[in-house]
Every structure is written in C-alpha cells, then in structure tokens.
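First comes the structure, then the notes that go with it.
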Amino acid sequence: MPGLLLVQAAFAQTPPPQGAPSGPPPQGAPAGGPPAGMPAPPEGQSPPAGGKVPMGPPPAMPRNPDLPIWGQGGGRVLFNYDAELATVHNLYPPLPADAPKPSADPRNLEGAWAHDQAMVARVEWDAYGNPVPFTPLGKSIRDRRVKSTYVDGKPYSNASGECRPTGQPWLFGLYYPFQIFQSKSDVIFQFAMDHAVWWIHLDQKQHGTAREFMGDSIGRWEGDTLVVETTNYKQRMWLDVDGTPASKDARIVYRIRKIDYDKPKLEITTTVYDAKMYTAPWTVIRTFAWRPDKDVMEEYNCEPQSAEGGASAFGLVPEPNDE
C-alpha cells in the first residue's frame, strides 16, 4: 500500500474493548494504562456524504495483554480495532515451528522485524497516560493537518507523499517490515517503506553538520539496551499518519531492546524532545515481531507514483510553513 495514500482517506471508528491488562508492562509503562474519560464515537459510525469526518475526541486506545499494546502511548486507530488486528494477522501469520530463531545474544538485533500492534494514526497520549504536551504552535499544526484531511478533504502532502524519507517514528508506526544489520561500529535499519535507511554510528560524535532526512544518529549500549540519539533532521516531520508534528530541530531518543512476551520481540521506546512543538518531552513504546520470513522485502513502488505527477496527482496540496 503506497504510504502517501495513508493521509487521504477518512475511516469509520468503533469503540475499543475495555478491560484491565494483565501480565508485565513494557519498559516504562504505567500500571494504570491510558486516561479515563476519552469518549468514542457511536459504534458503526461512518463518514457522512463527501467523506468529511467532523473533528472530535479520538477513541481510547484498547488495552490488550496479548499484543501487548496497553501502556504504549495511544490515540486514534486508523480503522476499527478488530480490522487493525485482522490486518496484522493477515500480513504476518504465525511462523512455522521450524522457523529460524533470533540470536540469543541480547545485543545482536540482526534480522527482520515487523510492527505487531494496532496502528495508531494519531497519538493523543504518551506511554504514561498523559496527553501529548503540545505548544500552541504544535497543536495548531496538528489540528490544521487533521482538518485538511478529514474536514476539508484536501490533505497536505508530506514526505511520504513525495517519496522522501519520513523519519523513524512514521516508519515504526506502520505495518511495513524492516531488517537490521550490525557491525562493531554501526547498526543499520533497512526499511521496506521508501527504501529508507537508518544508519546508527556507535560510540561516536555526530559525523557532520549537514542535515539529513533521517537525521544524524549516535548509539551506545546501556546494558542490553541500544540508546540512540538522533538530531539534525533536514525537514520537519509527521510523526504519524494524522500529522503529529516534529520540527527539524527535534532531538529524538530511541531505546531499543529485545524482549520476550512468549515470542521474540523488539521493543522501541521513543522520546521526543522538541521545544518548538511540545512543552515537555514525551514517550511512546512500540513492539515488533520477529519475522525471518521477511528477510527479503517486497519492492516499494513510490518512485513511479512520483514520476506520474507526484503528490498533486493524488489530491495532496502543499502545506504552509508556519514554524
């Protein structure tokens, strides 16, 4: 599915199932889960004529101990919750019993991994249940992007729509797989989407002053967790499909570790530091399933779309620069 089309459609939403989670929380997750009092639209709600969806409070992110997704930082799901889970299971059915296993070395992250949670299209609260702490500018940009897509029916173009690297949070939020390669001096993520490459330099200083689409990333090991600090982005970013913003001056810290909730997983805890868009740092947690069957990734056909008229051919319009 082309990434640029993700910002174009409005979707029906249904209330998520409720219930207290069980089992150990992910790293840094609160015991209480998301905040109470987040109303959901009526069950089976559909977009009105013209595809325009009135803005309003998003449904609470469901808490399901089987994924686990509770405590991750949540918000609006793209489709209804059951449809999201069906998408995950259809894309990534259970592995055969004789499938290759990941390395037993906790510092060896190599192999193919894929998003295994319901997709969060708009982050509304962090991993601790707190609302995302927007500055007035950050909130106005997010709200304008949402209105452009779901009310005006004229979604803004973004990096995905223009076949440019989107930044790590967008790539980690979608269902596309990625593969990790390692050496003593580097860790490299190769994403299926946009052919994006994330190059992490271990225990070094920033390697230049030029800004890059994926930023400049320096990593270090803290125990069995790879801590990566990324700065020097070339452009402002959409952190999710609905347009939660980050400026090009954002500093984003990723804590990456292998975990095992009865199946091998990769856990990535992302903390956004961006004084232009947020009054305080905030954190989300995402997990990724071990998928050795995705070590050869399907081709991502974004360039032909760009050559055939680019973002404007799909109804995307240029976004004002109000940073």
Under 3.5 Å, is there a donor-acceptor pair between the side chain of [X] and the main chain of [Y]?
X	Y	answer
T244	D240	no
N90	A86	yes
K294	Q179	no
D152	K154	no

Partners meeting salt bridge (charged side-chain N to carboxylate O under 4.0 Å, His left out) with D293 (sequence neighbours left out):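 With neighbours one apart ignored, the set is R291.
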
message: Going by the rule salt bridge (charged side-chain N to carboxylate O under 4.0 Å, His left out), which residues pair with K139 if we only count those two or more places apart in sequence or in a different chain?
response: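 Testing K139 for salt bridge (charged side-chain N to carboxylate O under 4.0 Å, His left out), a comparison that skips the adjacent residues, returns D143.
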
To check you understand the geometry: which heavy-atom pair defines the closest contact between [X] and [Y], and what is its length?
X	Y	result
M237	T166	CG-O, 3.7 Å
S247	D274	N-OD2, 2.7 Å
P281	T271	CB-CG2, 4.1 Å
G75	V120	N-CG1, 3.8 Å
A99	P292	CB-CG, 4.4 Å
M119	V241	CE-CG2, 3.2 Å

- request: Please name the residue in the list F178, F191, Y175 that meets the ring pair (Phe, Tyr, Trp, His ring centres under 6.0 Å) test with F288.
  value: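 So the option named by the test is F178.
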
task: Please name all residues satisfying ring pair (Phe, Tyr, Trp, His ring centres under 6.0 Å) with W198, sequence neighbours left out, ordered by chain then number.
output: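 W198 satisfies ring pair (Phe, Tyr, Trp, His ring centres under 6.0 Å) with F172, F189, Y254 once adjacent residues are dropped.
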
message: Suppose we screen for ring pair (Phe, Tyr, Trp, His ring centres under 6.0 Å). Which residues come up paired with Y92, at least two apart in sequence or across chains?
response: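 Applying ring pair (Phe, Tyr, Trp, His ring centres under 6.0 Å) to Y92 gives none.
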
Working to the nearest 0.5 angstrom, can you tell me the gap between [X] [atom1] and [Y] [atom2]?
X	Y	atom1	atom2	value
D216	T231	CG	OG1	5.5 Å
E110	N108	CD	CG	5.0 Å
T270	I285	OG1	CD1	9.0 Å
T149	R122	OG1	CZ	9.5 Å
L202	I218	CG	CD1	8.5 Å
T225	I259	OG1	CD1	10.5 Å

Quick one: does [X]'s side chain get under 4.5 Å of [Y]'s, heavy atoms only?
X	Y	value
P169	R286	no
V272	L239	yes
Y278	P245	yes
T283	Y128	yes
M214	L171	yes

task: May I ask you to check whether Y233 and F213 place their ring centres under 6.0 Å from each other?
output: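 No; Y233 has its ring centre 6.0 Å or more from that of F213.
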
- request: Could you go through the side-chain contact (heavy atoms from CB on, under 4.5 Å) check for R255 and L226 one step at a time?
  value: CA-CA 6 Å; R255 299 183 63 87; L226 178 62; over 6 Å; no

[X] and [Y]: same hydrophobic cluster, using ILVMFWY side-chain contacts below 4.5 Å?
X	Y	result
W199	L109	no
F134	V123	yes
M193	V197	no
I188	V228	no

query: Stepwise, does the side-chain contact (heavy atoms from CB on, under 4.5 Å) test hold for Y156 with R144?
result: CA-CA 9 Å; Y156 292 124; R144 187 193 66 214; 3.4 Å; yes

message: Is there a side-chain contact (heavy atoms from CB on, under 4.5 Å) between K263 and W290? Walk through the geometry before answering.
response: CA-CA 8 Å; K263 295 179 181 179; W290 168 249; over 6 Å; no

Of K234, R211, R236, the residue whose pairing with D249 passes salt bridge (charged side-chain N to carboxylate O under 4.0 Å, His left out):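 With D249 as partner, K234, R211, R236 yield a single salt bridge (charged side-chain N to carboxylate O under 4.0 Å, His left out), made by R211.
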
- request: Any chance you could lay out the side-chain hydrogen bond (donor to acceptor under 3.5 Å, both in side chains) test for T287 and Q117, step after step, and finish with the verdict?
  value: CA-CA 7 Å; T287 59; Q117 301 167 323; 3.0 Å; yes

R76 vs D242, salt bridge (charged side-chain N to carboxylate O under 4.0 Å, His left out): CA-CA, chis, key distance, verdict: CA-CA 9 Å; R76 189 183 78 84; D242 279 358; 2.8 Å; yes

task: Answer yes or no: is there an ion pair linking K265 with D260, defined by an N-O contact shorter than 4.0 Å?
output: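 No, this pair does not count.
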
Ionic contact status for E267 with R257, cut-off 4.0 Å: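 A salt bridge links R257 with E267.
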
Plane angle bin for W170 and W238 - parallel if under 30°, tilted between 30 and 60°, otherwise perpendicular: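 The rings of W238 and W170 stand perpendicular, inter-plane angle above 60°.
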
Over 12 foreign heavy atoms within 6.0 Å of NZ, K248: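 Not more than 12 within 6.0 Å, no.
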
message: If the condition is side-chain hydrogen bond (donor to acceptor under 3.5 Å, both in side chains), which residues does R145 pass it with, not counting sequence neighbours?
response: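 R145: side-chain hydrogen bond (donor to acceptor under 3.5 Å, both in side chains) contacts with E319.
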
- request: Check each of H201, Q168, E229 against S217 using the side chain to side chain contact (heavy atoms under 4.5 Å, CB included) test, and report the only one that passes.
  value: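 Answer to the side chain to side chain contact (heavy atoms under 4.5 Å, CB included) test with S217 among H201, Q168, E229: Q168.
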
message: Clusters formed by hydrophobic residues whose side-chain heavy atoms approach within less than 4.5 Å: which one holds V227, and what are its other members?
response: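 Answer for V227: V253, Y273.
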
message: With side-chain contact (heavy atoms from CB on, under 4.5 Å) as the criterion, how do T135 and K276 come out once you've worked through the C-alpha distance, each side chain's angles and the decisive distance to 0.1 Å?
response: CA-CA 7 Å; T135 62; K276 287 185 178 179; 6.0 Å; no

